[in-house]
Amino acid sequence: MDISHLLDDLNPPQREAVTSTSPAIMVIAGAGSGKTRVLTHRVSWLIEVERLSPYSILAVTFTNKAAAEMRGRIETQLNMSTRGLWVGTFHSIAHRLLRMHWREAGLPQQFQILDSDDQKRLVKRVIRERELDPAHYPPPQVQWWINNRKDEGLRAANIDAEGDHYLSTMVQLYHDYEAACERGGMVDFAELLLRSNELWLNQPVLLKQYQERFAHILVDEFQDTNALQYAWIRNLSGKDTQMFIVGDDDQAIYGWRGALVENITRYEQELAPVEVIKLEQNYRSTQTILSAANGLIEHNQERHGKNLWSDGEEGEPITLYAAFNEQEEARYVIDQIEASIADGADRDQSAILYRSNSQSRAFEELLMQRNIPYRVYGGLRFFERAEVRDGLAYLRLVANRNDDAAFERVVNHPPRGIGNRTLELLRAEARRVNQSLWTTAQNGSAWGLSGRAAGALQKFSELIEEIARECADTSLADSIETTINRCGLLEHYAGQRSEKEQARVENLEELVNAGSLYQPDDEESELDPLSTFLSHAALEAGENQGDAWEKCVQLMTLHSAKGLEFDQVFLTGMEEGLFPHSRSIEEPGRLEEERRLCYVGMTRARQTLCITHAEARRLHGDTRITSPSRFIREIPADHLREVRIRGQVEAPVYRPGSSLSSAQPTANGLRLGQLVAHAKFGEGVIMDIEGDGSRQRVQVEFSEVGSKWLMTDYANLQPQ
DNA sequence: TAACGATCTTTTTTT
DNA sequence: AAGATCGTTA
């Protein structure tokens, strides 16, 4: 058998990882070391060389994107369909199990997935019903708390509040929330995992069956697993299961949402002896970038220890630019990008990375002004848009009348005269009789609702029943079309003719389209298509902004940059308080996570890396003087090159500890940040200086007339 | 019931 | 500064 195509382009440790027969393997895969390749080649190897049935392999990832990429690559390698092979996110696999074993899991067959938005509404309701002050118990915080408990594998009944008032209230809310979910047949994200883990614990026969089925379990991004995911994996693995995990402790950046890097060590201890394979050869970045990143990450105490190297080129030094403020920072970065594009680089090979989303603004404004196409990652995705969610809520009611979250969402949207007062009474009554809102609404006048309110609810019920009847024996696509057309949302938006409403109508039409394109997975094909479509919508929120695939400059947070790579990377806003973020500075553990985030950012770059910081930045309304990030100082200085304004290299811009000292005066006494007066334009601040002698010009931000470029020889600016 | 104004808040994000 | 949320008012 010719197996060369699976091994030829691998280095020795990669090859060892792909072919190893140890019962427990741990691959510590540095950034850019070919992690995905190892994972996919191993699966292909198992199937093609070891002749394992795809049916006996389970591969788990964190994102749908990673799962899709893995499946795609495996199919290409094997040149066959991967039917039977389970590749998916923790959540999608747990979901699949629950759909198959809903009875054993104690769920109604039609259970629906509650996304975080619905979850928040439900939590809010539970708080209201307890008559607690939402200021004392903010819904997002309660939601966060509940999810954290679930991620730890704890149910309300398992938590001992020990007389602590706050804690016991939280437990009570958790309890109410569980009851509300139960009543409506709803399962939130964390619940998917918790339930299926309980399925393992409560159904030993079923568990054994799966343990025997999966001879191989592969887990990607192991450093991001939380306690529940760890338990889930451990329970599922039988004594003959071969475990293959891939992770990188230096890229653990999700501790704040419950991920436990320690799971790596824990795995190593619990499954000893574990074969540890380190992938340290990097195929992405220049040696300079790697050395710099290594130098930085060495400042962390808690490490497995690993040193990335490359046999590629030394590459350019990392440039460091000290901007006057965030606008000037944007100007510098975008000038550089424009220059590289002029040199023939692709726009989408430049990425601007930042710590927090609000920083994208200055960049976006300038990119827009200069007509450079760009794409900002993050933000609302298709299935998260309000109108799409409304449409889905109608569908959910059609599928399951007891879905209270969906009921609340659309009962008066579009407005049909069911006001808050009515809803309040309805909620109270539903709670009293412990029934869903839908059921309670059916006999409004019987429990004392005014004739008018009861009538309005009646009409709403009839509408839903009617839609359901029309959808009864049609295809999924037709059901969705019927629902969207009949629910009244289209008319509601069509009435108003602004651009926004136009877009909403289009999105609803797109939802119909999404339904007709939807193909259930093989295992799901015999289940109710509407339910699986709704789950799909919740589990996979869709493309970010599937806008035209024109090549765009990429803007994103450092977190969303993980897993991506670009020729040219700008690491911006490298200032104390912003990055590392002020809320992380106190705790050593958090600070180390910030440092790993910086490491992740740096290692995204293939060719060039540029680090920028502003000496003054407008944040939350006021301008403050900032100092450069400690991370800049932690990068070995010999890999850095400081850049002056427009390429004039003189005294170093950056000196540790200095803030505004870098604004060097020019020959005629003007310097950045200088307050000046102009005969016609009034007072202003110097934002930029370029050229010298008779060709020197300065950019002044005037308080009256805005920003102007002026030739210094003619402007006659008076320093103030 | 909707619309307006006051008040509050502000890291990172997937499922 | 800006956006979301909330309570009050017309």
Side-chain angles (χ1 to χ4, degrees), chain A residues 60-67 88-96 113-121 124 128 133-135 138-141 144 147 150-151 187-194 196 221 224-226 228-229 252-259 326 353-362 365 377-381 383-384 386 412-423 452-453 456 535-542 544 556-563 573 577-585 590-591 593-594 596-598 600-601 617-623:
Chain A
V60 197
T61 64
F62 273 85
T63 65
N64 290 302
K65 198 173 150 202
T89 62
F90 277 101
H91 293 87
S92 72
I93 287 175
H95 171 248
R96 176 182 294 186
I113 297 178
L114 208 57
D115 68 22
S116 36
D117 200 70
D118 294 321
Q119 189 186 28
K120 196 163 91 198
R121 283 162 184 267
K124 208 187 249 171
R128 215 169 23 211
D133 183 5
Q141 219 159 293
W144 172 267
N147 286 336
K150 289 195 179 192
D151 285 343
V187 172
D188 63 48
F189 290 131
E191 183 79 16
L192 288 169
L193 280 158
L194 187 53
S196 65
E221 307 273 24
D224 289 338
T225 51
N226 62 34
L228 180 55
Q229 287 157 340
I253 56 175
Y254 286 112
W256 53 274
R257 63 174 196 209
E326 75 272 10
L353 310 184
Y354 35 80
R355 175 66 234 265
S356 61
N357 286 113
S358 61
Q359 288 167 256
S360 73
R361 219 192 146 94
E365 277 169 4
Y377 280 63
L380 279 192
R381 288 167 300 177
F383 286 116
E384 289 166 353
N412 197 36
H413 187 63
R416 20 176 104 79
I418 302 169
N420 224 319
R421 181 83 194 116
T422 308
L423 276 179
R452 188 168 150 187
S535 305
H536 164 83
L539 239 32
E540 200 164 340
N544 253 321
M556 67 193 83
T557 63
L558 286 152
H559 282 90
S560 32
K562 187 160 135 189
L578 195 59
F579 189 30
H581 194 272
S582 51
R583 295 169 80 143
S584 301
I585 287 179
R590 302 233 135 200
L591 184 65
E593 184 156 304
E594 296 276 311
R596 292 194 290 268
L597 192 55
C598 185
V600 166
R617 181 178 297 271
R618 214 183 168 88
L619 205 62
H620 309 318
D622 44 31
T623 305

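Every chain is numbered from 1, with letters handed out A, B, ... down the list of sequences. Treat the numbers as computed from the prediction; the structure is a model and nothing was measured. Values below: all heavy atoms of this structure, side chains included; hydrogens, waters and symmetry mates excluded.
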Short side-chain N/O contact to [N] OP1/OP2 from [X], under 4.0 Å:
X	N	value
Thr557(A)	dT13(B)	yes
Arg583(A)	dT11(B)	yes
Arg381(A)	dT13(B)	no
Arg590(A)	dT11(B)	no
Asn357(A)	dT13(B)	yes

Measure [atom1]/[X] against [atom2]/[N] and give the value in whole Å, please.
X	N	atom1	atom2	answer
Trp144(A)	dT15(B)	CH2	C1'	14 Å
Arg618(A)	dA2(C)	CZ	P	9 Å
Leu193(A)	dT14(B)	CG	P	17 Å
Arg361(A)	dT10(B)	CZ	P	18 Å
Lys65(A)	dT15(B)	NZ	P	10 Å
Leu228(A)	dT15(B)	CG	P	17 Å
Gln141(A)	dT11(B)	CD	P	13 Å
Gln359(A)	dT10(B)	CD	P	17 Å

Exercise. With sugar-phosphate meaning primed atoms plus P, OP1 and OP2, does Asn64(A) contact a base, only sugar-phosphate, or nothing at under 4.0 Å between heavy atoms?
Worked result: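 If one applies the 4.0 Å heavy-atom cut-off, Asn64(A) turns out to touch the sugar-phosphate alone, with no base involved.
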Exercise. When all nucleic acid strands are considered with a 4.0 Å heavy-atom cut-off, which category describes Ile418(A): base, sugar-phosphate, or nothing?
Worked result: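 The residue Ile418(A) makes sugar-phosphate contact but no base contact.
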Looking at the side chain of [X], which of [options] is the nearest nucleotide?
X	options	answer
His620(A)	dA1(C), dT15(B), dA2(B)	dA1(C)
Phe189(A)	dT11(B), dT15(B), dT13(B)	dT15(B)
Glu594(A)	dA2(C), dT11(B), dT13(B)	dT11(B)
Pro415(A)	dT11(B), dT15(B), dA2(B)	dA2(B)
Trp256(A)	dT11(B), dT13(B), dT15(B)	dT13(B)
Ser116(A)	dT15(B), dT12(B), dA1(C)	dT15(B)

Exercise. So do Glu594(A) and Arg355(A) actually touch side chain to side chain, heavy atoms under 4.5 Å?
Worked result: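 Contact flag for Arg355(A)/Glu594(A) side chains = yes.
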Exercise. Looking only at atom C1', what distance separates dT5(C) and dT12(B), rounded to whole Å?
Worked result: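 Here dT5(C) and dT12(B) have their C1' atoms 22 Å from each other.
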Problem set entry | Of Leu539(A) and Thr422(A), the one whose closest DNA chain B nucleotide lies more 5' |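 By nearest-heavy-atom nucleotide position, the 5'-most residue is Thr422(A).
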Problem set entry | First encountered from the 5' end of DNA chain B, between Glu540(A) and Ile253(A) |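 First, find each residue's nearest nucleotide; the 5'-ward one identifies Ile253(A).
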Exercise. Got a donor-acceptor contact below 3.5 angstrom from the Asp188(A) side chain to the Leu114(A) backbone?
Worked result: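 Flag not set: sc Asp188(A) to bb Leu114(A) has no pair under 3.5 Å.
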Problem set entry | Chi angles and distances behind the side chain to side chain donor-acceptor pair (under 3.5 Å) call for His581(A), Ser356(A) | CA-CA 9 Å; His581(A) 194 272; Ser356(A) 61; 5.9 Å; no
Exercise. Between Trp256(A) and His559(A), how do the two ring planes meet: parallel, tilted or perpendicular, split at 30° and 60°?
Worked result: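 Rings of Trp256(A) and His559(A): perpendicular, over 60°.
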Problem set entry | salt bridge (charged side-chain N to carboxylate O under 4.0 Å, His left out) involving Lys562(A) - partner list, sequence neighbours excluded |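 Lys562(A) satisfies salt bridge (charged side-chain N to carboxylate O under 4.0 Å, His left out) with Glu221(A), Asp224(A) only.
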Exercise. Is any side-chain N or O of Arg355(A) under 3.5 Å from a base N or O of dT12(B), one able to act as donor and the other as acceptor?
Worked result: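 It does, because a donor-acceptor pair links the side chain of Arg355(A) to the base of dT12(B) below 3.5 Å.
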Problem set entry | Heavy atoms from other residues, nucleotides or ligands near CZ of Arg416(A) exceed 12 (cutoff 6.0 Å) |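 Yes - once you tally the heavy atoms of other residues, nucleotides and ligands closer than 6.0 Å, there are more than 12.
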Exercise. Under the criteria of a ring-centre distance below 5.5 Å and an interplanar angle below 30°, is His581(A) stacked with the base of dT11(B)?
Worked result: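 The ring of His581(A) is stacked on dT11(B).
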